[in-house]
Amino acid sequence: MPLDSKALDTKDRAGILHPPPLPWNGREAERGDGGRRLFRPAGAGRLPDRLLPFALPGALLASWQAVTAAGFMPEQVLPPPSLVLRTFIAFLGDGEIANNLLVSLRRIACGLGIGVVTGFAFGLLLGVSRRAEAYLGPLFRAFAAVPALGWIPVLILILGIDEALKIVILSKACFVPMVIATLDAYRNIPARLREAADVMRLSPRTRLLKLTLPAMMPMLFGGLRLSAGQAFVSLIVVEMLAATEGIGYMMVWGRTLFQIDIVMVGMAIVGVTGFLLDALLRRIERGIGARMGERTGSHG
Amino acid sequence: MTPVQSSPAPSLAIENVRKTFTVETRTFAALDDVSLTLRHNEIVSILGPSGCGKSTLLRLVAGLETPDAGALFINGRRPVAGPARDCAIVFQDHRLFPWLTVSGNVDLALDSCRLAPAERRERVRRYIALVGLGSFASAYPRQLSGGMAQRAAIARALVAEPALLLMDEPFGALDSLLRTRLQGELLDIWERNRVTILLVTHDVEEAIYLSDRVVVMQPNPGRIRAVVDVGLPRPRQREETAFIALRKSLLELLS
Amino acid sequence: MTPVQSSPAPSLAIENVRKTFTVETRTFAALDDVSLTLRHNEIVSILGPSGCGKSTLLRLVAGLETPDAGALFINGRRPVAGPARDCAIVFQDHRLFPWLTVSGNVDLALDSCRLAPAERRERVRRYIALVGLGSFASAYPRQLSGGMAQRAAIARALVAEPALLLMDEPFGALDSLLRTRLQGELLDIWERNRVTILLVTHDVEEAIYLSDRVVVMQPNPGRIRAVVDVGLPRPRQREETAFIALRKSLLELLS
Amino acid sequence: MAEQASSSLPPAGFPRGAVIPAALVVLWAALTETGLWHGPLVVSPSQVLAVPFLDASGREIWAGVGASLLRLAAGTAIGAAAGLAAGLFVGMSRRGGLALSPTLHTLRQIALFAWIPLLTSWFGNGEATKLCFVAISTFFPLFLATEQGLRTVPATLREVAGVLHLSRRRTITALLLPAALPSIGVGVQIALISAWIGTVGAEYAIGNGRGLGSYIASARDQFRMDIVIVGVAVLAAVGAGLHYLSRAAIARLTPWNSPRSSA
Amino acid sequence: PLQAAGNPDVIRLGDVGFGFGTPFGVGVLAIADAKGFIAEEFKGSDVKLEWTYFTGTGPAINEALSNRQLDFASYGAVPNIIGKANGLPTILLASYGGTTIFGAARPDLDIKSIADLKGRKIAIQKATIIHWGVIDALKRAGLSERDVTIVDLKNADQLAALAAKSVDAAFGADFLLPLADKGLATIFYRSSTAGKTGDGFGAFLVTESFRDKYPEATEKVVRGLVRAAAWLGDEANREEAFTIWNRAGTPVETIRKSNDGGSLKDKYNLLLDDFFRSRYESAIAFNKEQKLTRRDVDLSAWIDPTVLDKALKSAGLETFWRKRDAQGNDLP
Ligand SMILES: Nc1ncnc2c1ncn2[C@@H]1O[C@H](COP(=O)(O)OP(=O)(O)OP(=O)(O)O)[C@@H](O)[C@H]1O
Ligand SMILES: Nc1ncnc2c1ncn2[C@@H]1O[C@H](COP(=O)(O)OP(=O)(O)OP(=O)(O)O)[C@@H](O)[C@H]1O
Ligand SMILES: [Mg+2]
Ligand SMILES: [Mg+2]
């Protein structure tokens, strides 16, 4: 990136200063597209913005097709897109995907639910109480540093190889990012507003609902989305290591069978599912943001 | 003034307070040996150059800072930890919560009061109207002008009807008309609610018009240079000769 | 004043500008049909009640908002997109970057000027000293008092010596002594650098003391009620009868 | 307030964080040494302590940890630099963001370990795969955090940058990076843990070569619970160390974020 | 071309391995490595030998071959058929001998034979030769796959799952034996007692391109391997072989137990005879039946017996092993 280019022309600045998404974060955001319009370059003769997101995937797909068609790569290393698609359709047809996905999603839902709730509570505890942070903080960080992989040998002895193992490992995976995000979000609440709340002597409940939570929201949702991501990672790990069904298992199986098309189908499913999950969380985030505004707006 | 025997302890007592700050490696006294006593239902203004420690003094009273030396007493009780009850502050910057509307922000200050929901709504409405923001009750802080945000912050401080009101240049960003109106409203509230007010201002006229006593501070280190009794009967007239004379002598004290 | 033929286009031309905002579902005009022309090296003040659209007007000139109708021209050129060059603004809130010291913040404004490092350092030092923050050059914004932060913001706007200076209540949080001093400094700079100044204030005296013309605005919708020529020779005396008469008539216009 | 509570805590010098772990170890020792807790898989702390020094297989841990740390450093350097660059690019260039962001966000959703089968089939089971995997594991957290941080830069300050006509470089160094730094800080913490997990995970899953992951995997294969516990403990210790390091570095980088300093 | 007859700079050999730090193999190739049989063949030239022991087993070796990181490899039939079916250009040069498959059951259950597994949950690592061996054993005991629940677990997880009582039995190589010593399992099955056809099997193979480019080097490598196998076949070397294999981390005691009562010469018979072919045919059929491979593998085109024949001849070992018929009985 040309970080050192001298002065900005308006077009460049347009990019740098494109408006932030938070509803309360500043004047331009208010008008929806206004800020963008203000700084939007003329942009004639360039790829329309609407198509930009598809440019890169399109190019990748095209070169993938080209490389495989030309036979540069052996099929067991890079199967042609058509084969991946065929495998995908075949699996879709025989219910392989639906079954595996359902199993995986159920595990994620449980793990995410448990991990996020406990993680938030624990993070808040560490944030609010210095004493808790002093006693439990280091233990938590050590705990966080042991990946799902490390827990499997111990947990498998206690819990066996059934669902309980997977749920516990997934919960732990969601718990950790949630604690970190909660803690950091708590610490980043502006001191100015904290003082304002102090002098108003807000009750713990009001303080939580009106200051702590709203101020933490962006980072909290960052943490939530990270948790969902971590849940997926651990799901794959645990399904790869100790499972007989699920998308992760399907992918390891693809590797065992030396059929990269199955692996790729698995990756695509994991990717798309993750994307949808993330989109869902974003939507909830916006919804909560809006509702928070509404509620207080109609109040009083 | 309040008869002394009814509440023997002063509303606020500041005794030999000292507060130092460090910028880089340089340590200096923002406040040094400051003592001041406010009787109940008294209005005291603080005048002084920028950086002489006015806001710091208010923050100390509000319990947001701890003094390096000396002590502060509200109603004879030392504020043990953190902000005292029944004491509100208008900060120099408005500090509205960006995610709450004007009424949401004002409502917040009633959190520690036990009010019936209907009364609470009514109170919020009344104080928002008082500062002239009636039609902006459901606006978010970013949708307000500078003066409007300041007024919202004033409403937030007044709504809980505190016994001790700390105000840091509350009318600074307001036009003279509005300023005069709000000064009147403040005096009304003061008469009605028997509230003690400690007010920082840069406007000498405002200080004279509102207060029983005016404290003049000086910087480096922040100290009290003089405490001037206003002693004019209320309502005061800005064109009175006594008013103008006092204004002149205060301006001299300040330079 | 600047002879007209030397630069035929006015420094700033605002033509029939309209700006609306929506709060909840209510749409209202913050500015409606506002027209104003500033000659080169002219000082124009804007007076008006809180919420009448003064800051909005400045933001439009600075290119931070786009008008819903009408147009703005700086030196005859329409600001195409975003902020215009050679134009500085003092915001109503200080907007210092919290992670930079005072001198870091001031230095920032010299980014688009090509200056030798030594000269640049010297310039930053000079303007920080000008606003009386010499000993706080390496302090962070959170270590400043309200007035000090405002002064740092003024230094940031002045340091680049812009041709058009927009100031939104720059001296609002300052005590009268400092305010008077900085008004004097501003006039000095204005004489030296031939800068055009558009200034929002609530202080009628300040408006008269500084400006060639005073614009009085009214709210709902924000419009220009009157433009008053000051026409007093400089340096002006606040005690002059003409000054006091003007002050009186402006105050009447405002109410 | 929380700050006030700190005065009633044990003296500052006492490592309070060690209290609970120490208590747990004591309990573990008591249960195993007295034989109250026994079984073929139950080992005592003394057994575990002996592993890295007295046991021939156990001593492999030193080489393993060394190799893992080297791998971690190399992979993180690549991944973090790329993640930061991509995040900055996406966060600062609107069109760049449009072109790159959806793709990266979609790829980001591919759970880390899902890359392993693909990477091994592309790059084999050697160092290339592991480095690539560690790099991916740092790339995405840092990319996400940087982008997120840039999106939440206050609009008021963006306006200032606009009217000051800051150069691209200055806008980045004086506004965007510092404003995004708290978020990037969180990203770095997460990225480091993720990288460490990625490093050990890659070794564990791929198996070949030295490393803490292969060490644990081998121990498991041979049913050596004592060695497994040593491995997992080292895993945790290094992770905690990395976390402290990153936190300290971030605190140092954001002095304006420190609480109001009063002498 | 001219240099085709020359030697490559490096020859890369891969095998399945175990152990800490630098894993080591447990078959003929490991003996060839440890005793330097192949290196001897290249004495005087500056050919370097690179040995990799894969703890990731079958799939890992397939991947390494596909990435051209290996020239020779020795691994189980099931994964190597999977590789071939997916287009890996490999050539079978020799058998790698046999592997004993063990069955371990929870001690608290009454499992004494394969037949007792009916209705039980058993752990195996799927798509390995063990998988083949278990299905085969079930069939021979009159059970079908549907009579048991199969859980796909790796070695270490099998141990843990048994210990946690998540599964009733597990099948695997000799890594299961220490479990019995610790009292966590009882060994109820051992393929060597079930006749010759019960053991696992695999092959030593080379990439097509290597064989075509360096036919002489290929022959030398195979000769080294043959000499290693012959050395192993000498009962006098039995204990030394165990100590070599111990480098993979398996206690000598376990290795001894696992080879109890069997002759190493028979076990490590490298011939590509009818028995080998019938084993492979059976594995190919198994792979198709289990849907492990999508395409057919033509065994006769895959096997190249000429190199082994030449190597045996030049090593003077043509008669060391007896050819076997499809059932594993020695031919006259
Ligand atoms: N982003 C916005 N969204 C909605 N309304 C806005 C927005 N910005 C300004 N307004 C409204 O426009 C009107 C004019 O605001 P402006 O800030 O220009 O007032 P002002 O004259 O500067 O007042 P003050 O002296 O109090 O600073 C106000 O009613 C304000 O609520
Ligand atoms: N947190 C802090 N760290 C360091 N110095 C501080 C801090 N807070 C205030 N100061 C310093 O203390 C002195 C007094 O500040 P204070 O805010 O009380 O001034 P003030 O009288 O309110 O001025 P103004 O009228 O400009 O608001 C100033 O020099 C300021 O720089
Ligand atoms: Mg102040
Ligand atoms: Mg304004």
Side-chain angles (χ1 to χ4, degrees), chain B residues 21-26 28 30 47-56 91-94 101-102 131-133 135-140 142-151 168-169 171-180 182 200-205 217 219-220 222 250-251 254-255, chain C residues 21-26 28 30 47-56 91-94 101-102 131-133 135-140 142-151 168-169 171-180 182 200-205 217 219-220 222 250-251 254-255:
Chain B
F21 288 114
T22 306
V23 171
E24 281 216 304
T25 52
R26 196 165 50 87
F28 60 91
L47 283 173
S50 173
C52 70
K54 305 181 294 296
S55 300
T56 305
F91 290 96
Q92 201 166 357
D93 48 341
H94 59 73
T101 60
V102 169
V131 297
L133 287 180
S135 57
F136 282 85
S138 56
Y140 284 95
R142 80 194 129 86
Q143 299 173 316
L144 302 178
S145 77
M148 285 154 76
Q150 202 173 26
R151 284 182 272 156
D168 202 345
E169 293 185 53
F171 310 129
L174 304 182
D175 58 289
S176 49
L177 218 70
L178 193 58
R179 177 187 286 238
T180 317
L182 287 183
V200 171
T201 179
H202 284 309
D203 183 341
V204 178
E205 267 183 37
M217 289 185 65
N220 297 320
L250 274 176
L251 280 173
L254 275 167
S255 56
Chain C
F21 287 114
T22 306
V23 172
E24 282 217 303
T25 54
R26 195 165 52 87
F28 60 92
L47 282 173
S50 173
C52 71
K54 305 180 294 294
S55 299
T56 305
F91 290 95
Q92 200 166 358
D93 46 342
H94 59 75
T101 59
V102 169
V131 296
L133 286 180
S135 56
F136 281 87
S138 55
Y140 283 99
R142 78 187 144 81
Q143 298 173 316
L144 301 179
S145 77
M148 286 154 78
Q150 201 173 26
R151 286 182 272 155
D168 201 344
E169 294 184 50
F171 310 129
L174 305 183
D175 57 290
S176 49
L177 217 71
L178 193 57
R179 178 187 285 238
T180 318
L182 286 182
V200 171
T201 177
H202 284 308
D203 182 341
V204 177
E205 266 184 39
M217 289 184 65
N220 297 320
L250 274 176
L251 279 174
L254 274 167
S255 54

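So you know, we letter chains A, B, ... as the sequences are listed, proteins then strands, and number each from 1.
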Checklist entry - Given that the side chain runs from C-beta out, which part of B:R151 has a heavy atom under 4.5 Å from chain C: side chain, backbone, both or neither? => result side chain

Next on the checklist: To check you understand the geometry: which heavy-atom pair defines the closest contact between B:A173 and C:Q92, and what is its length?
Outcome noted: CB-NE2, 4.4 Å

Checklist entry - If you take all heavy atoms of B:L254 and C:L177, which pair is closest and at what distance? => result O-CD2, 3.9 Å

Checklist outcome for this item: Most contact-rich option vs chain B, by heavy-atom pairs under 4.5 angstrom, among C:C52, C:A149, C:S135, C:G132, is C:S135

Checklist outcome for this item: Whatever's closer than 4.5 Å to a heavy atom in chain C on B:L47 counts as neither

Item to check | C:R179 versus chain B, the contacting section by heavy-atom distance below 4.5 Å | outcome: neither

Checklist entry - If you take all heavy atoms of C:Q143 and B:T22, which pair is closest and at what distance? => result NE2-O, 3.6 Å

Checklist outcome for this item: The interface call for B:S255 against chain C, heavy-atom contacts under 4.5 Å, is both

Next on the checklist: Working to the nearest 0.5 angstrom, can you tell me the gap between C:E24 CD and B:F136 CZ?
Outcome noted: 11.5 Å

Checklist entry - Can you say whether C:L251 sits under 4.5 Å from chain B via the side chain, the backbone, both, or neither, judging by heavy atoms? => result side chain

Next on the checklist: I need the residue from B:G48, B:S50, B:G172, B:A30 with the largest number of non-hydrogen atom pairs under 4.5 Å to chain C.
Outcome noted: B:S50

Checklist entry - Measuring from C:D175:CG to B:T201:OG1, what's the distance to the nearest 0.5 Å? => result 10.5 Å

